[in-house]
Amino acid sequence: MKSLLKVGFTQKVIILLETKNLTKSFGGLVAVSDVDFHVGEGEIVGLVGPNGAGKSTLLNLISGVYKPDSGSITFDGNDITKMPPFKVCKLGITKTFQLIHSFPEMTALENVMVGALFGDKDNGNMKSAETKAIELLEFIGFPKDKTHLPVKNLNLMELKYIQLARALSTNPKLILLDEVTTGLNPKESLQAIELIKKMRDNGTSVLMVEHIMRIIMGVSDRIVVLDYGKKIADGTPEEIANNETVIESYLGEKYIF
Ligand SMILES: Nc1ncnc2c1ncn2[C@@H]1O[C@H](COP(=O)(O)OP(=O)(O)OP(=O)(O)O)[C@@H](O)[C@H]1O
Ligand SMILES: [Mg+2]
């Protein structure tokens, strides 16, 4: 069952992803502590917080890479708390990693085809995977003349494009992005943001971890702040920018739009 959440007096959001009391420890360290939060359909939610706050761990719990010690995760009406990553992916969640993983000797097209083959309902039809990969590379604006180059010859921005296209190739309802703009110059970061908005407009909700405030404040509908594994704030960019706890533990000073 999907649930509706009332936001303010007028707006209603259909909840796509919801965690309740989610907790994960590594040894004695509680990396994610009792976290309740949600992502609505069609939302871009930013996840921020200091280094080691638990952001990547939270994404890894959602995508099934880690199993929580306690708490629950519901996605699109399904309990995915204990599901392995490939099942979570089949249900419609895909994730990019903080470090780029690709197949260096394979071409850009082949790298995207790998994801398309996995997401293919006909179970691995090469021709339809190729057609889909070409469509996706076009959708994200990947340079056409580099489609058949081995990815080891691509620059960082192009590698990120490949990573995003590969993530989209499984037809996700929700994409989890872990620091996609890291290492990009300001112009490239803006391009990446436009692409993220385009993905959302195309029907994929987004949960993104990002350190650069200008980016996260500009692109997010809502921002969730973690500190020492705990959620300390959840609100619109403006609410987060004015939240005293967030200013004290993360922003350092008031963010000016
Ligand atoms: N596999 C692991 N084994 C042991 N400790 C871990 C593991 N993964 C994360 N941690 C610890 O859990 C805490 C949260 O780490 P996490 O990577 O989730 O933080 P983060 O918010 O993503 O940080 P950053 O901004 O630096 O990427 C840190 O103290 C980290 O050292
Ligand atoms: Mg991280």
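As a basis for the values below, the full set of heavy atoms in this structure was taken, side chains included, without hydrogen atoms, waters or symmetry mates. Whatever order the structure lists them in is the order used to number ligands and atoms, beginning at 1.
- A salt bridge between D34 and K230 is absent, with no side-chain N of the basic residue lying under 4.0 Å from a carboxylate O of the acidic one.
- The E179 neighbourhood of ligand 1 comprises atoms 25 (O), 27 (O), with distances under 4.0 Å to a heavy atom of that residue.
- Using a 4.0 Å heavy-atom cutoff, G54 is listed among the residues neighbouring ligand 1.
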Between Y66 and F26, does the ring-ring contact (aromatic ring centres under 6.0 Å, His included) criterion hold? Intermediate values first, please. CA-CA 11 Å; Y66 296 146; F26 297 108; 5.3 Å; yes
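- Around atom 23 (O) of ligand 1, the closest heavy atom drawn from A53, G27, G49, G52 belongs to G52.
- Under 4.0 Å from ligand 1, the heavy atoms of Y66 that appear belong solely to its side chain.
- When non-hydrogen atoms are compared, ligand 1 lies under 4.0 Å from the side chain of L29 (C-beta onward) but not from its backbone.
- The Mg ion (ligand 2) has an N, O or S atom of S56 closer than 2.8 Å.
- Remark: side-chain polar atoms of N125 are paired, donor with acceptor, to backbone N or O of K127 under 3.5 angstrom.
- Sorted by first and then second residue, the pairs that involve residues 212-221 and meet side chain to side chain donor-acceptor pair (under 3.5 Å), not counting sequence neighbours, are R200-D221.
- Atoms of ligand 1 found under 4.0 Å from any heavy atom of H211 (numbered from 1 in listed order, with element): 25 (O).
- Taking the six-membered ring where tryptophan is involved, the planes of Y161 and F142 are perpendicular, since the angle between them exceeds 60° and thus also 30°.
- By the side chain to side chain donor-acceptor pair (under 3.5 Å) test, S189 pairs with no residue at all, sequence neighbours left out.
- Atoms of ligand 1 found under 4.0 Å from any heavy atom of T57, numbered from 1 in the order shown, are 9 (C), 14 (C), 15 (O), 16 (P), 18 (O).
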